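Read the structure below first, then the notes.
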Amino acid sequence: MTEQNAFIPLLLDWFAANKRDLPWRRAYDPYAVWVSEIMAQQTQMDRVVSYFNRFMELFPDIAALADAPEDAVLKAWEGLGYYSRARNLHAAAKRIMTAHGGVFPGELAAIRALPGIGDYTAGAVASIAFGRDAVAVDANVQRVLARACDIDVPVKEPAGKTRVMEIARALLPSSRAREYNEALMEFGALVCRPKNPDCAACPIAGACQAKHLGIVSDRPVLTKAKDITPLNVATGVLLHADRIFIQKRLAKGAWGNLWEFPGGRIEPGETPQAAVVREFREETAFATEVATKLAVIRHGYTTFRVTLHCFLLRLAGESNGNALPTPELTAAQQSRWVRPDELAGYAFPAGHRKLIDQFDGSLWL
DNA sequence: AATCCGTGGTC
DNA sequence: TGACCAAGGAT
């Protein structure tokens with residue numbers, strides 16, 4: 001791919017005139033750039049900004065983040081998904097305090113060695129925050145270069161990934177990596193979009209091979225998407241003596257270290273009501289019964305499409321007055337009986353958060 | 001290499 | 001409505 005680095009200056013000009021006014025672009029402070037890059041993984045910048053601003057208010061610098069309880073960091077991340085990012089961010093802040101004297105490292109290798117930072121993020125922070133000559137190849141860059149240079153192999157597979165990386169490195173204008181990387185990504189997000197790319201307004205259309213060949217919609221070459229699995233799940237809000245039972249999930253697996261209401265898959269032939277009672281018995285050893293059905297919530301996560309049946313539960317049989325029983329936990333690391341107004345302070349998976357926000361304490365007290 | 005890990009927006 | 005997909009990383 002030696003043909004055209006001719007379009008790079010056009011891209012840099014386009015970026016200078018069209019870049020969005022994002023908060024971390026004010027001073028390009030390494031901590032702010034780092035947080036923004038972690039938050040932006042597998043989502044879009046527009047969705048990140050409000051989280052970013054709140055995060056920086058709560059944890060204004062690396063020391064504040066390192067000193068914060070992990071629960072507080074996860075609460076600030078609630079709704080963003082991929083919560084290992086928040087756990088790794090927190091762990092990395094602690095490591096920067098101990099191993100780097102509280103100063104964010106400026107060398108590519110040192111950045112890459114931090115937990116939660118891979119090739120992309122290391123290149124992004126090194127270039128954007130420190131001006132290093134490093135590439136940052138994300139899905140935008142893959143798409144833009146696949147179209148501009150007509151890459152005919154899937155960019156998500158090793159061969160295509162390597163190809164894009166080589167091109168990106170070859171085109172990198174020395175000492176201008178920040179603008180270069182940001183320009184490629186911003187251009188991919190705003191003009192050279194996955195669907196409906198705005199070729200009519202494209203500043204590099206004249207140099208785009210896919211455009212020239214009339215195959216823009218065939219670039220990048222996509223790999224087949226994974227099948228979506230429907231999932232029926234039951235969960236229960238156990239209310240006793242004006243308290244609600246919640247448990248903290250295990251550190252590993254989905255929603256690690258977040259809080260939740262007990263529940264689980266509805267087995268074939270099983271009613272949602274039976275499932276929630278069974279799950280409560282298995283996860284807590286509590287004997288419960290359904291008081292009312294609260295809601296049916298639909299939401300997706302990774303490759304699943306969940307139908308979440310939500311119930312209000314009470315303890316079955318003689319409940320020993322207002323005493324709050326102690327569970328035998330099998331699927332959680334700890335549990336609490338909390339007042340309904342305290343639910344707002346805990347980080348829940350999105351499906352459970354939807355349930356909480358839907359009732360907001362109005363029904364269960 | 002393949003799988004896991006969330007969520008919400010878009011068309 | 002449902003399939004696709006986004007400033008990825010860890011194992």
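Note that the structure is a prediction, hence the values are computed from the model and not measured. Sequence lines set the chain letters: A, B, ... in the order given, protein chains first and strands last, and positions in each chain run from 1.
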### Message
Suppose you measure atom P in B:dG6 against the same atom in C:dT11; what distance do you get, rounded to whole Å?
### Response
14 Å

### Task
Provide, to the nearest angstrom, the distance between the CZ atom belonging to A:R249 and the P atom belonging to B:dC5.
9 Å

### Query
Charged N to carboxylate O under 4.0 angstrom, A:E107 versus A:R132?
yes

Solution key, residues 221-232 of chain A side-chain donor-acceptor pairs under 3.5 Å, sequence neighbours excluded:
none

### Summary
Here the distance between atom P of B:dT7 and atom CZ of A:R305, to the nearest Å, is 13 Å

### Message
Rounded to whole Å, please give me the gap between NZ in A:K156 and C1' in B:dT3.
### Response
16 Å

### Rounded distance (Å) that lies between atom P of C:dG2 and atom CD1 of A:I228
12 Å

### Query
Nearest heavy-atom pair of A:I96 and A:V103: which atoms, and what distance?
CG2-O, 3.6 Å

### Query
Picking from B:dA1, B:dG6, C:dC5, which would you name as closest to the side chain of A:L222?
C:dC5

#### Entry: Between C:dG2 (P) and A:D227 (CG): distance, integer Å
15 Å

### Message
For a quick test of reading the model: is some side-chain N or O of A:Y82 closer than 4.0 Å to OP1 or OP2 of C:dA6?
### Response
no

### Heavy-atom side-chain contact between A:F280 and A:T235 under 4.5 Å
no

### Query
CG of A:L231 versus P of B:dT7: gap in Å, rounded?
14 Å

### Query
Which pairs count as ring-ring contact (aromatic ring centres under 6.0 Å, His included) when at least one residue sits in residues 113-136 of chain A, sequence neighbours excluded?
none

#### Entry: Sidechain N-carboxylate O distance under 4.0 Å for A:R219, A:D152
no

## Note on the structure
The remaining residues in the hydrophobic cluster of A:L213, counting side-chain heavy-atom contacts under 4.5 Å among Ile, Leu, Val, Met, Phe, Trp and Tyr, are A:I215

### Task
Would you classify A:E186 as touching base, sugar-phosphate or nothing, given that sugar-phosphate means primed atoms plus P, OP1 and OP2, and contacts are heavy atoms under 4.0 Å?
base

### Query
What is the distance from CD of A:Q142 to C1' of C:dC5, rounded to the nearest Å?
13 Å

### Task
Tell me yes or no: between the side chains of A:H299 and A:K354, is some donor less than 3.5 Å from an acceptor?
no

### Query
Closer than 4.0 Å, any side-chain N/O of A:K226 to the OP1 or OP2 of B:dC4?
yes

### Task
Give the rounded distance in Å between these two atoms: CZ of A:R85 and P of B:dT7.
10 Å

### Query
For C:dA6, does OP1 or OP2 lie under 4.0 Å from any side-chain N or O of A:Q42?
no

### Message
Just to be sure I understand the rule, does A:G188 reach a base, reach only the sugar-phosphate, or reach nothing, if contact means heavy atoms closer than 4.0 Å?
### Response
nothing

Which pairs, protein N/O on one side and nucleotides 8-11 of chain B N/O on the other, fall under 3.5 Å?
none

### Query
Does the side chain of A:R193 get closer than 4.0 angstrom to OP1 or OP2 of C:dC5 through an N or O atom?
no

### Query
Going through the distances and angles, do A:K75 and A:E78 end up as a salt bridge (Lys or Arg N to Asp or Glu O under 4.0 Å)?
CA-CA 5 Å; A:K75 179 61 188 175; A:E78 184 185 46; 2.7 Å; yes

Please tabulate, for the side chains in residues 327-335 of chain A, all donor-acceptor contacts under 3.5 angstrom to protein atoms that are two or more places apart in sequence or on a different chain.
from   : atom 1 : to     : atom 2 : distance (Å)
A:T330 : OG1    : A:E282 : O      : 2.7
A:Q333 : NE2    : A:R249 : O      : 2.5
A:Q333 : NE2    : A:N257 : OD1    : 2.8

Polar atom pairs (N or O), protein with nucleotides 9-11 of chain C, under 3.5 Å:
from   : atom 1 : to     : atom 2 : distance (Å)
C:dG9  : OP1    : A:G118 : N      : 2.8
C:dG9  : OP1    : A:T121 : N      : 3.0
C:dG9  : OP1    : A:T121 : OG1    : 2.6
C:dG9  : OP2    : A:Y120 : N      : 3.4
C:dA10 : OP1    : A:G116 : N      : 2.7

### Query
Can you check whether A:W255 has a side-chain N or O nearer than 4.0 Å to OP1 or OP2 of B:dT7?
yes

### Query
Which is true for A:T302 with a 4.0 Å heavy-atom rule: it touches a base, it touches only sugar-phosphate, or it touches nothing?
base

